[in-house]
Amino acid sequence: MRIFDPHIHMTSRTTDDYERMAAAGVRALVEPAFWLGQPRTSVGSFTDYFDALVGWEPFRASQFGIRHHATIALNPKEANDPRCADVLEVLPRYLEKDRVVAVGEIGYDSMTAEEETAFAAQLQLAIAHELPALVHTPHRDKARGTERSIKVVAESGIEPGRVAIDHLNEVTVRTVKESGCWAGFSIYPDTKMSPPRMVEILKEFGTDRVLVNSAADWGRSDPLLTRETADLMLAQGFTEDDVDLVFWRNPVEFYGQSGKLELEDDQAERGPLFEGNSILRGGS
């Protein structure tokens with residue numbers, strides 16, 4: 001089994017986690033820029049973090065045969081802090097870097113005017129840099145936040161198929177699927193989605209344009225819940241091809257729109273899906 005975790009915060013994890021993930025079948029991942037748990041008070045603290053996402057973390061991952069990619073953004077929570085506003089000015093240079101495959105996480109935390117301004121501005125950056133966008137939906141009042149996110153996406157002019165709206169649940173999945181955006185789900189031990197709930201959603205809504213991730217961070221989380229969900233899919237009657245679609249081909253298709261995915265040829269297992277596809281650049 002091959003797994004591509006499309007949203008996991010490895011900055012918060014130990015090197016032992018990389019080893020465990022590799023043993024479980026994780027071969028590639030995307031690490032979105034996010035809130036580290038403590039307020040950052042200057043642009044420099046963000047640039048140091050971004051430098052780690054495009055430098056140190058790919059090195060750590062490579063020790064275990066895992067291809068590391070990143071998304072870069074001013075996250076919704078810190079968009080409310082005026083000291084962080086100038087982060088928007090430094091994003092373009094990072095969005096041009098190798099293996100930066102989307103603008104994200106962007107969207108809402110508390111649904112403030114400041115968050116919406118940063119959200120809209122970064123969607124425009126995604127358009128300008130020809131990158132997909134990864135949207136964070138708020139933990140509170142998720143249904144309203146998801147509907148509002150879809151509205152901002154529509155107003156931006158970005159193609160819905162280039163947007164993934166993440167942290168969904170049973171209440172919000174239909175709205176996102178009907179919008180044409182990709183539907184993202186985070187599997188957690190106690191909050192967000194569980195493997196059984198995720199499998200039931202896949203039974204009802206299908207496997208098309210679905211991204212399932214562990215989003216493992218500094219809170220209680222588990223980077224192996226992607227594998228646990230995949231195993232449960234098989235136990236519940238899904239085929240190996242269904243599992244490969246959800247946990248490999250879907251993330252490759254979504255982030256491949258960046259033109260900057262870097263996967264080994266043997267990871268990609270070239271076939272009709274990848275024939276002539278420039279997104280797979282081999283190793284470096």
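What you see is a predicted model; the values in this text were computed from it and never measured. Sequence positions, counted from 1, serve as the residue numbers for this chain.
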Exercise for the section: Apply side chain to side chain contact (heavy atoms under 4.5 Å, CB included) to the pair Leu202 and Val210, showing each step before the final yes or no. Expected result: CA-CA 9 Å; Leu202 291 170; Val210 170; 3.9 Å; yes
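- Within the structure, salt bridge (Lys or Arg N to Asp or Glu O under 4.0 Å) pairs that include any residue of residues 32-51 comprise Arg40-Glu78 (at least two apart or interchain).
- With sequence neighbours excluded, the residues that form a side chain to side chain contact (heavy atoms under 4.5 Å, CB included) with Pro32 are His7, His9, Thr71, Glu105, Leu134.
- Among pairs with a residue in residues 62-95, those fulfilling ring-ring contact (aromatic ring centres under 6.0 Å, His included) read Phe50-Tyr94, at least two apart in sequence or across chains.
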Exercise for the section: Report the C-alpha distance between Tyr108 and Phe119 in whole Å, list the side-chain angles of each, state the deciding distance to 0.1 Å, and finish with yes or no for ring-ring contact (aromatic ring centres under 6.0 Å, His included). Expected result: CA-CA 8 Å; Tyr108 290 116; Phe119 185 8; 5.4 Å; yes
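- A distance-only check finds a donor-acceptor pair linking the side chain of Thr117 to the backbone of Ala113 [under 3.5 Å].
- A side-chain hydrogen bond (donor to acceptor under 3.5 Å, both in side chains) with Asn213 is found for one member of Asp5, Asp166, Thr226 and no other, namely Asp166.
- In this structure, Leu245 is not a member of the same hydrophobic cluster as Tyr255, with clusters built from ILVMFWY side-chain heavy atoms closer than 4.5 Å.
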Exercise for the section: Please test Ser221 against Arg13 for side chain to side chain donor-acceptor pair (under 3.5 Å), starting from the C-alpha separation and ending with a verdict. Expected result: CA-CA 10 Å; Ser221 52; Arg13 312 302 304 192; 3.0 Å; yes
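- Remark: Arg83 pairs with Asp81 by the salt bridge (Lys or Arg N to Asp or Glu O under 4.0 Å) rule, at least two apart or across chains.
- Within the structure, no pair that satisfies the salt bridge (Lys or Arg N to Asp or Glu O under 4.0 Å) test touches residues 154-165, not counting sequence neighbours.
- Classification of Arg148 and Glu116 as a salt-bridged pair holds, one side-chain N sitting under 4.0 Å from a carboxylate O.
- Among residue pairs with one or both ends in residues 167-189, those qualifying as salt bridge (Lys or Arg N to Asp or Glu O under 4.0 Å) are Glu170-Arg197, Arg174-Glu204; sequence neighbours excluded.
- Under the rule for a side chain to side chain contact (heavy atoms under 4.5 Å, CB included), the partners of Asp86 that lie at least two apart in sequence or sit in another chain are Val43.
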Practice task
Evaluate the side chain to side chain contact (heavy atoms under 4.5 Å, CB included) criterion for residues Phe34 and Leu36: first the C-alpha distance (whole Å), next the side-chain angles of each, then the deciding distance (0.1 Å), finally the verdict.
Solution key: CA-CA 6 Å; Phe34 82 134; Leu36 291 176; 3.7 Å; yes
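- To the nearest 0.5 angstrom, Tyr18 atom OH is 7.0 Å from Ile66 atom CD1.
- Every residue was checked against the ring-ring contact (aromatic ring centres under 6.0 Å, His included) condition with Phe46, not counting sequence neighbours, and none meets it.
- Note on Met198: it clusters hydrophobically with Leu234, by side-chain heavy-atom contacts below 4.5 Å among ILVMFWY residues.
- More than 12 heavy-atom neighbours from other residues, nucleotides or ligands sit within 6.0 angstrom of CD on Gln124.
- Scanning for salt bridge (Lys or Arg N to Asp or Glu O under 4.0 Å) contacts around Arg60 gives Glu57, with sequence neighbours left out.
- Annotation: side chain to side chain donor-acceptor pair (under 3.5 Å) contacts of Asp244 (sequence neighbours excluded): Arg2, Arg249.
- No hydrogens or angles considered: a donor-acceptor pair under 3.5 Å links the side chains of Thr112 and Asn80.
- Remark: the Lys142 side chain and the Thr137 side chain contain an N/O donor-acceptor pair separated by less than 3.5 Å.
- Other cluster members for Phe59: Trp56, joined by side-chain heavy-atom distances under 4.5 Å among Ile, Leu, Val, Met, Phe, Trp and Tyr.
- Under the 4.5 Å side-chain heavy-atom criterion for Ile, Leu, Val, Met, Phe, Trp and Tyr, Leu232 and Ile201 are members of the same hydrophobic cluster.
- If you check the side chains of His167 and His136, you find a donor sitting under 3.5 Å from an acceptor.
- No salt bridge links Asp16 with Arg20; every basic N to acidic carboxylate O contact stays at or beyond 4.0 Å.
- Residues forming a side chain to side chain donor-acceptor pair (under 3.5 Å) with Asp208 (at least two apart in sequence, or on another chain): none.
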Exercise for the section: Starting from the C-alpha separation in whole Å, work towards a yes-or-no answer on side chain to side chain contact (heavy atoms under 4.5 Å, CB included) for Phe238 and Lys203. Expected result: CA-CA 9 Å; Phe238 285 91; Lys203 289 178 181 177; 3.8 Å; yes
Exercise for the section: Check the pair Val26, Met1 against side chain to side chain contact (heavy atoms under 4.5 Å, CB included), reporting the backbone distance first and the verdict last. Expected result: CA-CA 8 Å; Val26 177; Met1 183 185 298; over 6 Å; no
